[in-house]
Amino acid sequence: MTAPIHFDPTRLAAALARTPGRYPLFIDGKSVEAADGRAIERIGPAHGVVVSRYAHAGPIELDRALAAARRAFDHGPWPKTTAAERARVLHRAADRIEADAELIATLDVLESGKPIAQARAEIAGAVDIWRYAAGLARDLHGDSTTAMGEHKLGIVLRDPIGVVSIITPWNFPFLIVSQKLPFALAAGCTAVVKPSEMTSASTLLLGEILAASGLPDGVCNILAGDGPGIGAPMTSDPRVDMVTFTGSTRVGKATMAAAAPTLKKVVMELGGKNAQVIFPDADMEAAIDAAVFGAFFNAGECCNAGSRLIVHRDCADAFTAGFIAAAARVRVGDPLDEATRVGSLISPQHFDLVTGHIDAARRAGADVVLGGGRLAAATGHFLAPTLVAAADPAMAIARDEVFGPVATLMRFDTPAEAAAIANGIDYGLSASVWSRDFDTCIGLSRQIRAGTIWTNTFMDGAAELPFGGFRQSGLGRELGRNAVADYTEEKTLHLHCGPRTAWWTPRAA
Ligand code: NAD
């Protein structure tokens with residue numbers, strides 16, 4: 001019997017004292033309340049108290065935000081501003097985010113239940129991305145060709161695509177908006193941003209940061225609100241040119257359908273059920289540590305969670321024993337405690353969904369060899385790190401995104417079988433291969449259909465590398481050297497110089 005999770009009330013009081021508590025919307029360069037006075041009250045999932053109140057945008061604020069973004073794009077200075085000036089604004093924003101990092105991290109912890117040490121690393125990562133976007137802004141180039149003959153010249157321009165709707169989920173509130181917004185701004189686009197209604201505070205704070213960094217009014221507008229009422233019209237409104245969405249595959253499909261009548265460009269970062277394939281010749285200690293990290297990081301509420309452990313039969317028993325021993329050392333606790341590695345799940349409803357998956361796996365005959373139940377705590381939704389062993393790859397627990405601290409272990413005999421299990425689901429976001437043999441690692445990495453494949457590591461990220469999914473994990477990529485170009489349209493200028501060959505009426509002699 002483990003001791004109940006300990007909360008130190010002074011930590012919570014200090015965190016709440018650091019945060020503003022109330023967050024207005026940000027429209028056309030100004031902080032505004034909702035005309036109808038509606039608000040969203042967020043109860044922190046770990047601590048069970050109200051941690052923030054945001055104005056809930058209604059149709060009036062939505063219309064004002066879309067109109068402001070459209071106006072700022074069609075008539076404002078931002079799309080015509082030099083890349084050097086755009087980069088200066090983004091660098092200033094990065095500096096301010098860095099200066100406010102502790103506040104932003106605290107907001108994400110209070111609203112999502114994630115551990116503070118991890119949230120600090122996420123905000124540091126976000127700062128790095130804003131700076132990377134500022135650098136890329138200076139390197140946005142079109143193309144040209146002289147290969148069409150002496151009298152012809154082709155120039156390919158890259159124009160900003162226009163107004164971008166940015167919709168983000170609750171699991172990495174500030175990091176995910178940072179994977180989108182700075183690149184849209186670097187390209188010269190304008191934006192309407194809607195964070196998850198459960199974790200809006202850190203994104204709403206960005207409004208003030210951007211205004212103070214010199215972003216012109218109307219270029220970035222930030223709304224808090226629900227999905228159907230605010231998110232859906234952001235995807236269908238004809239004033240919007242592009243939608244970039246991160247969230248569930250279910251809502252991603254609805255978003256594509258809503259964007260179809262006006263044929264907007266859509267970029268989707270969706271769900272995952274990611275394989276970690278372990279061969280007997282791997283550095284077993286490192287593989288076990290990475291498997292535990294991959295499965296339980298962010299309480300498994302992570303699109304990249306390495307929730308499918310595909311282990312060679314020859315090392316499966318030793319790996320399972322090592323995984324259980326390592327998982328027992330993972331500190332689950334108060335997210336405001338520096339030592340915590342796994343915090344609370346996002347909501348009671350989500351807790352029930354995750355435990356529902358575990359119960360269904362038990363009923364289907366899978367063996368829950370670790371965890372599987374609630375951890376005692378005065379408040380919060382803490383689930384013990386869970387391992388489902390001896391699973392059949394056809395079982396729902398081995399195929400569906402659980403989005404909780406639940407790993408499923410399957411065994412294989414041949415690399416072909418490992419590839420078939422890895423590829424045998426609807427998702428294709430990421431995977432890893434663990435072996436000391438080069439042929440094994442590269443051979444399998446090439447066979448697995450996923451957007452990112454790690455070799456002998458897991459969930460490392462870098463702004464320089466593109467990120468996104470195959471199949472139902474998404475559409476398009478974020479980050480990497482094309483991240484700004486993704487927010488542009490190519491425009492061809494086809495030039496003719498010198499006498500043109502007449503089509504119909506020859507020149508008079
Ligand atoms: P969600 O799909 O429920 O919500 C995501 C966002 O969409 C929220 O802001 C929500 O308000 C909004 N929304 C809801 N209904 C909408 C509608 N009809 N039209 C437009 N917007 C709508 O997802 P979630 O529960 O917040 O996040 C968890 C999911 O996100 C998981 O499936 C996870 O895998 C995925 N995710 C993917 C990535 C990635 O990069 N691939 C990263 C993080 C999370």
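For ligands, and for the atoms within them, numbers begin at 1 and follow the listed sequence. Along the sequence shown, the residues carry numbers beginning at 1.
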Would you mind checking which non-hydrogen protein atom is closest to [atom], with the distance to 0.1 Å?
atom: atom 44 (C) of ligand 1; answer: N171 ND2, 3.2 Å
atom: atom 32 (O) of ligand 1; answer: E401 OE1, 2.7 Å
atom: atom 26 (O) of ligand 1; answer: W170 CD1, 3.0 Å

Where the side chain of K114 meets the backbone of S344, is there a donor-acceptor pair that is under 3.5 Å apart?
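Such a contact is absent between K114 side chain and S344 backbone.
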
Any protein heavy atom at under 4.0 Å, with atom 4 (O) of ligand 1 as the reference point?
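Under the 4.0 Å cut-off, atom 4 (O) of ligand 1 has no protein heavy-atom neighbours at all.
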
For ligand 1, which atoms, with element, lie under 4.0 Å from some heavy atom of P195?
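The list of qualifying atoms is 9 (O).
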
Taking only heavy atoms of E197, which atoms of ligand 1 are found under 4.0 Å from at least one of them?
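Checking each atom against E197, I get 10 (C), 11 (O).
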
Indicate yes or no: does R120 engage E102 in a salt bridge with an N to O separation below 4.0 Å.
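A salt bridge links R120 with E102.
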
Test log, rule side chain to side chain donor-acceptor pair (under 3.5 Å), inputs S31 and E208:
CA-CA 8 Å; S31 295; E208 271 175 38; 5.0 Å; no

What do you reckon, does S196 put a non-hydrogen atom under 4.0 Å from ligand 1?
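S196: in contact with ligand 1 (<4.0 Å).
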
Would you please determine whether F403 falls within less than 4.0 Å of ligand 1 on a heavy-atom basis?
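It does; at least one heavy atom falls under 4.0 Å.
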
Where on A254 is there a heavy atom closer than 4.0 Å to ligand 1, on the side chain, on the backbone, on both, or on neither?
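The answer is neither; A254 stays 4.0 Å or more away.
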
Please say whether the positively charged group of R374, taken as NZ for Lys or CZ for Arg, lies over the ring of F351, i.e. under 6.0 angstrom from the six-membered ring centre and within 45 degrees of the axis.
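Yes - R374 lies over the ring of F351, closer than 6.0 Å to its centre and within 45° of its axis.
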
Enter the distance from L210:CG to L215:CG here, rounded to the nearest 0.5 Å.
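Result: 5.5 Å between the selected atoms.
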
